[in-house]
Amino acid sequence: MTKTAFLSNRKNLIYLIASFALLKLLVHFMTYDHYELHRDAYLYYAQSEHLDWGFIAVPPLVGAIGKLATTIFGHTTFAMRFFPALIGALNVFLVGLMVVELGGKWKAVCLACLAYLLSPAYLHTNSLFQPVSFNHFFWLWSAYFVLRLINRNDPKYWLWLAMTFGLGFLNKYSIVFFFSGFLPALALSKHRQLYLNKYFLWACLLAIAIILPNLIWQYQHNWPVMMHMKALRETQLVNVRISDFLIAQLMMNAQALLLWLMALILLLFHPKERTFQVFGLTFLMVVFLLIAGSGKAYYTLGAYPMLFAFGAYHVEKYTGKWVIPTTVFLLVLMFAGLYLSIPYDGIPFVRAENIAGKSSHRWEDGEYHEIPQDMADMTGWKELGEAVASVYKGLGPENKDNVDIFCNNYGQAGAVMFYGKSVNVPQPISTNGSFVFWSPDSLTKEYFILVDHDPGDEDGSNEMLPVFFEKVELVKTIDNPYFRENGTNIYLCQHPTVVVKEHYKKLMGAEKGKYKRNNK
């Protein structure tokens, strides 16, 4: 067997793909402790302690994954970052499998797998315990089954697509964008006859069956996802500009821009690629839908890996004797792109203190800051959580059931749960996120630990503390310039007054009332 034949052997190609997937896994395992968990990860950890068929902002799957992670690895940072890293490795594997399904050989496999592995965007997202990391997997898995559906003209793959959609929906509702792009794209392509069979109908029923428990939960709780999306549009999506969105599409995977852009052009316009035109149309429709809905730029990230696979295959297919020089050139661009991206992102390689002040970073509030938003969201929480745990422990075992802990937001509350697990801190109270479901209707305890982030006391709550409690003591102020909530105060309060009890009961009643059907 010649060297070329050996490298082109399907079994050996799988080994090659697996080696890239393993490398991806090792990158994240070696860097998992460079940052604390992201603020959102603490919410998803909290959900893992309250498993249900739904939550206010997300479906149930991420909570279930979190529960599995902590059951296997304990309540550690590694546990919460294990499955995102594993999913990243599986994504590399799926990209490689798409190349093999297309008929690509070792050069295309190397190019496609490294396009994903060296992407700053996926290095970033696969470092976060968030639905977005798993979302990319379900989009890519869907693309893989679409490829098999078309390439093999086998309608049975509708059932696999239904399963992927259903699980993806239980992870993050944005899987709807991919299928809202794919289904009409298929209808516009020459493969539209694939709709005309029993498997498509069975697939629709299967998808509905998988997502039905979450839909029932949403109905029972007055459709929290709609309230969350409304709040998101008013606070974050309002800052999304079409020009920024389009520029971000070019920048997010700039290291492989030539690769994926060439793939998109060929898929849309080259006569010899009409068989797979549906993938180009799907990408365009996803982008159009997100622009129309003022979606964030990174919502499209799940659609790029399939273009990596096609782009690598096209390089090997069309460059002829120039395939090696072209491949090397594109790989050099990828390595250079990753290196140049570090001052603007740096996750998971560079710590916050090494990147601060080197460039300006635009956050979701539309303002520019010294470090990336996600870095600011991955520091300070441990200090906060351990400080609250210390205050709670200091009250002694005789008061362990006589303490309420109130946090302004889900990041604080989740961090208190995570870092207070060892001393069995009580379930924190918060009106933010799904914590409203787990909070008591009224205050009955004599001790009250308040975690408050309100610079300048803008809402006047600190000024009211002496009215709310008979005794108030400021026990800790978080001092971390890289912490997004730097300046957070921790108070130990005693003996809540009738004023605060009535205020809390009214506030919590109103918050819980939002999620009750027919509430007036």
Side-chain angles (χ1 to χ4, degrees), residues 91 94-104 108 111-112 115-116 119 121-122 135-136 138-153 157 161 164-165 174-195 242 245-293 295 297-319 326 330:
N91 286 345
L94 280 174
V95 168
L97 286 183
M98 287 190 71
V99 173
V100 173
E101 179 69 22
L102 287 167
L111 196 54
Y116 187 93
S119 167
Y122 303 119
N135 189 47
H136 297 166
F138 287 114
W139 281 46
L140 182 55
W141 202 12
S142 300
Y144 176 66
F145 287 133
V146 170
L147 177 59
R148 286 202 157 195
L149 173 72
I150 291 172
N151 206 35
R152 304 186 181 195
N153 195 34
Y157 279 101
L161 278 166
T164 309
F165 170 80
S174 64
I175 189 72
V176 170
F177 286 115
F178 179 86
F179 279 85
S180 295
F182 158 62
L183 293 174
L186 185 69
L188 292 173
S189 75
K190 66 178 185 178
H191 305 291
R192 62 182 67 91
Q193 78 282 352
L194 285 167
Y195 282 119
I242 294 178
F245 181 95
L246 293 175
I247 291 171
Q249 301 313 307
L250 300 177
M251 297 302 297
M252 287 189 301
N253 280 298
Q255 90 292 344
L257 176 63
L258 295 181
L259 188 70
W260 68 258
L261 192 56
M262 175 194 66
L264 180 61
I265 293 171
L266 290 177
L267 287 170
L268 290 173
F269 303 112
H270 199 294
K272 292 184 179 179
E273 299 301 325
R274 288 291 300 278
T275 299
F276 304 113
Q277 189 181 50
V278 63
F279 289 92
L281 292 173
T282 297
F283 181 87
L284 286 186
M285 288 187 179
V286 167
V287 170
F288 174 77
L289 287 170
L290 287 171
I291 289 176
Y298 73 84
Y299 289 178
T300 64
L301 275 175
Y304 285 90
M306 66 182 184
L307 295 184
F308 293 167
F310 278 101
Y313 169 67
H314 292 155
V315 167
E316 196 173 64
K317 180 178 180 180
Y318 291 115
T319 55
T326 303
L330 291 172

When you measure from the side chain of Glu316 to the backbone N and O of Ala108, does any donor-acceptor pair fall under 3.5 Å?
yes
Donor-acceptor contact below 3.5 Å, side chain Gln249 vs main chain Phe245
yes
Test applied, ring-ring contact (aromatic ring centres under 6.0 Å, His included); reference residue, Tyr304; option that passes from Phe178, Trp260, Tyr298
Trp260
His314 side chain to Glu273 side chain, donor-acceptor N/O pair below 3.5 angstrom
yes
Between Glu101 and Tyr313, do the side chains contain an N or O donor and an N or O acceptor separated by less than 3.5 Å?
no
How far apart are the closest heavy atoms of [X] and [Y], and which atoms are they?
| X | Y | answer |
| --- | --- | --- |
| Gly181 | Val286 | CA-CG2, 4.4 Å |
| Leu259 | Ala115 | CD2-CB, 3.8 Å |
| Val315 | Leu330 | CG2-CD1, 3.8 Å |
| Val99 | Ala112 | CG2-CB, 3.5 Å |
| Ala297 | Ala248 | CB-CB, 3.4 Å |

Side chains of [X] and [Y]: closer than 4.5 Å at any heavy-atom pair?
| X | Y | value |
| --- | --- | --- |
| Leu301 | Ser119 | no |
| Tyr122 | Asn253 | yes |
| His136 | Pro305 | no |
| Thr282 | Val278 | yes |
| Leu194 | Asn153 | yes |
| His191 | Thr275 | yes |

Any chance you could measure [X], atom [atom1], to [Y], atom [atom2], to the nearest 0.5 Å?
| X | Y | atom1 | atom2 | result |
| --- | --- | --- | --- | --- |
| Ile291 | Thr300 | CD1 | OG1 | 9.5 Å |
| Thr164 | Tyr157 | OG1 | OH | 11.5 Å |
| Leu186 | Leu161 | CG | CG | 9.5 Å |
| Leu307 | Leu267 | CG | CG | 7.0 Å |
| Leu268 | Leu284 | CG | CG | 5.0 Å |
| Ser180 | Met285 | OG | CE | 10.5 Å |

Taking atom [atom1] of [X] as the centre, does the number of heavy atoms from other residues, nucleotides or ligands within less than 6.0 Å exceed 12?
| X | atom1 | result |
| --- | --- | --- |
| Met251 | CE | no |
| Arg192 | CZ | yes |
| Phe288 | CZ | no |

Sorted by chain and number, sequence neighbours left out, ring pair (Phe, Tyr, Trp, His ring centres under 6.0 Å) with Phe165 holds for Phe169, Phe179
Does Phe310 have any ring pair (Phe, Tyr, Trp, His ring centres under 6.0 Å) partners at least two apart in sequence or in another chain, and if so, which?
Phe276, Phe279
Parallel, tilted or perpendicular: rings of Phe308 and Tyr116 (30°, 60°):
perpendicular
For His270 and Tyr318, run side chain to side chain contact (heavy atoms under 4.5 Å, CB included): C-alpha distance rounded to whole Å, both residues' side-chain angles, the deciding distance at 0.1 Å, then the answer.
CA-CA 12 Å; His270 199 294; Tyr318 291 115; 4.0 Å; yes
